[in-house]
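The structure appears below as structure tokens.
Naming: A, B, ... by sequence-line order, numbering from 1 per chain.
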Amino acid sequence: MIQFYNTLTRKKEPFNPIEKGKVSLYTCGPTVYDEAHIGNFRTFMFEDLLKRVLMLNGLDVFHVMNITDVDDKTIKRAKETAQPLQALTENYTQKFHEDLKWLKMLPADEYPCATHHVSGMIKMIESLIKKEHAYVEDDGSVYFKVNSFSKYGQLSNIKFEDQKVTERIGSDEYSKESAQDFALWKGWKPDDGEVAWDSPWGKGRPGWHIECSSMSMEYLGDHFDIHCGGVDNMFPHHENEIAQSQCHAGSSFVNVWLHSEHLMVEGGKMSKSEGNIYTVSELKAKGFTPEIIRYQLLSGHYRTKINFSLAKKQEGEKIVKRLSEFKSRLESFDLENVTLDENPTIYSEFVKNLSNDLDTPNALAIFFDFMKKMNRQMDKGSIDKEQVASSLYFLDKFDSVFGLIPRTGKVPEEIVKLVRRREQARNIKDWNESDNLRDKIDALGWKVKDTASGSEISKKSA
RNA sequence: GGCGUCGUACCCAAGCGGUCUAAGGGGCCGGUUUGCAAAACCGUUAUUCGCCGGUUCGAAUCCGGCCGACGCCUCCA
């Protein structure tokens with residue numbers, strides 16, 4: 001059984017896809033006005049984990065992630081940097097994809113961008129106006145009438161009567177009937193410059209929320225399984241999406257809403273003034289590998305705040321090394337004529353924990369426990385080949401979810417030669433020569449390890 | 001002001017009323033093994049779960065108060 005904590009109902013509930021064996025998944029993607037930071041990637045990593053766990057359960061996942069390539073921030077940034085909006089957004093979209101790939105995230109099936117789907121959004125807005133859920137203002141903007149949707153506030157548990165009127169609402173530059181109404185369409189203003197589409201209400205551009213409603217329904221239908229994002233998207237973004245979508249299609253829209261908590265950095269919240277916003281490129285420059293970052297982001301539960309810290313780098317390094325060692329140790333067995341059908345029994349325990357609202361901490365604990373047991377048996381020489389085979393199977397499944405084992409690159413010929421020479425030296429017990437060669441190899445960025453079955457070579461992590 | 005989350009060893013992090021004299025990981029220290037090193041393994045590191053009360057036969061787990069950290073309240077993942 002798969003269970004998820006559904007923000008909509010505020011409890012853990014069994015997950016049953018609408019169509020048996022298939023899952024329709026929509027995840028809110030980046031706004032491409034800048035490089036995404038590690039906090040953004042925490043959310044994307046959680047979504048990636050979700051997808052991998054669904055796949056581990058044999059489900060066929062169709063995943064759509066939108067790219068927000070037009071909004072206040074992108075327009076502002078394009079103007080500041082004196083480039084066309086499209087140049088800016090294409091640049092950061094590409095960078096985003098590179099980062100995703102580097103972090104070993106599975107690609108989505110579709111990455112629709114807002115600017116390519118404006119006509120669909122206009123259609124949806126027209127329908128909302130026709131149904132009197134929206135109205136047009138003098139400046140050509142269209143607003144959603146929040147009090148026309150009785151369920152408004154269900155997701156975020158917000159009641160407007162209790163709300164403080166913040167400065168942002170007070171200083172809103174657009175006019176509208178009621179403070180909580182939100183823009184579906186924004187009439188053109190000089191600040192928008194070249195950025196404009198024609199619409200029945202004149203020149204303008206789409207509001208933020210409408211793109212997700214329109215594109216999710218276009219790619220996944222009026223009613224789909226899972227929609228997720230960071231907690232901060234709960235309100236207003238997802239709340240507004242629900243309002244628009246349900247008023248438009250009248251269906252139930254999304255069955256399960258999942259939200260991941262925020263990432264803290266070096267013990268505090270991320271903020272530009274603290275200077276603790278790390279991008280993937282920066283972390284890469286500091287010697288982080290995708291696996292180390294994955295470990296930091298996946299070792300805490302997705303609904304708790306976790307702290308990202310540079311100091312934790314070596315902890316991740318250690319884990320990655322242990323896992324790789326374990327793998328090569330298992331792989332050193334000759335497994336010809338061994339059928340690998342038996343999974344270790346803890347494997348089902350592992351899957352069960354992941355399927356329980358993505359319980360990565362417990363899943364990791366189960367795997368580490370298992371790894372220790374198998375290592376102990378290998379130390380004692382009491383492991384049998386069936387156990388080796390099933391361990392490899394488990395390890396493979398483990399890594400299909402966590403992605404913590406780096407692919408070992410080819411060892412350069414030069415290094416191989418040095419290792420061979422060192423083995424010869426060791427055979428004749430020339431320890432001086434042997435140690436010299438080890439230093440030489442080490443200086444070239446590789447580590448030798450002597451085992452019962454000969455010397456092993458591995459790349460030193462940066 | 002409203003809504004909500006969290007506080008467990010030196011650090012990270014499970015735990016959701018009894019199996020907790022509290023998983024798992026990192027670190028420290030000691031040991032086995034090894035030419036040395038590395039790895040692996042073993043042992044050690046919380047009689048205690050922010051503090052104070054209460055409920056209960058029984059609480060880290062439920063309730064109340066206090067202290068502390070954090071989030072959302074209209075475009076922030």
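The side chain of A/Asn40 sits closest to B/rA77 out of B/rA77, B/rC3, B/rA14. Nearest to the side chain of A/Met264, among B/rC73, B/rA40, B/rC70, sits B/rC70. Among the nucleotides B/rU74, B/rA77, B/rC70, the one closest to any side-chain atom of A/Gln180 is B/rU74.
Straight-line distance between the C1' atoms of B/rA60 and B/rC20: roughly 9 Å, to the nearest whole Å.
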Exercise. Checking salt bridge (charged side-chain N to carboxylate O under 4.0 Å, His left out) for the pair A/Lys11/A/Asp357: CA distance, chi angles, key distance, verdict?
Worked result: CA-CA 11 Å; A/Lys11 55 180 193 236; A/Asp357 200 32; over 6 Å; no
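Within the 4.0 angstrom heavy-atom criterion, base atoms lie near A/His37. As judged by a 4.0 angstrom heavy-atom cut-off over every strand, A/Lys447 is placed among residues making no nucleic acid contact. Here A/His262 lies in heavy-atom contact (under 4.0 Å) with a base.
Ring geometry, A/Phe144 versus A/Phe182: the interplanar angle falls under 30°, so the pair is classed parallel (tilted spans 30 to 60°). Taking the six-membered ring where tryptophan is involved, the planes of A/Tyr347 and A/Phe394 are perpendicular, since the angle between them exceeds 60° and thus also 30°.
Distances shorter than 4.0 Å separate some side-chain N or O of A/Lys269 from OP1 or OP2 on B/rG71. Between A/Lys321 and the phosphate of B/rA39, there is no side-chain N or O to OP1/OP2 separation shorter than 4.0 Å.
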All N/O pairs under 3.5 Å across the protein-nucleotides 19-26 of chain B interface:
{"unit_1": "B/rG25", "atom_1": "O3'", "unit_2": "A/Arg322", "atom_2": "NH1", "d": "3.3"}
{"unit_1": "B/rG25", "atom_1": "O2'", "unit_2": "A/Tyr295", "atom_2": "OH", "d": "3.4"}
{"unit_1": "B/rG25", "atom_1": "N2", "unit_2": "A/Glu315", "atom_2": "OE2", "d": "3.4"}
{"unit_1": "B/rG26", "atom_1": "OP1", "unit_2": "A/Arg322", "atom_2": "NH1", "d": "3.0"}

Atom pairs, N/O to N/O, protein against nucleotides 28-35 of chain B, distance under 3.5 Å?
{"unit_1": "B/rG35", "atom_1": "O6", "unit_2": "A/Arg426", "atom_2": "NE", "d": "3.3"}
{"unit_1": "B/rG35", "atom_1": "O6", "unit_2": "A/Ser434", "atom_2": "OG", "d": "3.2"}
{"unit_1": "B/rG35", "atom_1": "N1", "unit_2": "A/Asp435", "atom_2": "OD1", "d": "3.1"}
{"unit_1": "B/rG35", "atom_1": "N2", "unit_2": "A/Asp435", "atom_2": "OD1", "d": "3.4"}
{"unit_1": "B/rG35", "atom_1": "N2", "unit_2": "A/Asp435", "atom_2": "OD2", "d": "2.8"}

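Here A/His238 pairs with A/His227, A/Trp257, A/His259 under the ring pair (Phe, Tyr, Trp, His ring centres under 6.0 Å) rule; sequence neighbours left out.
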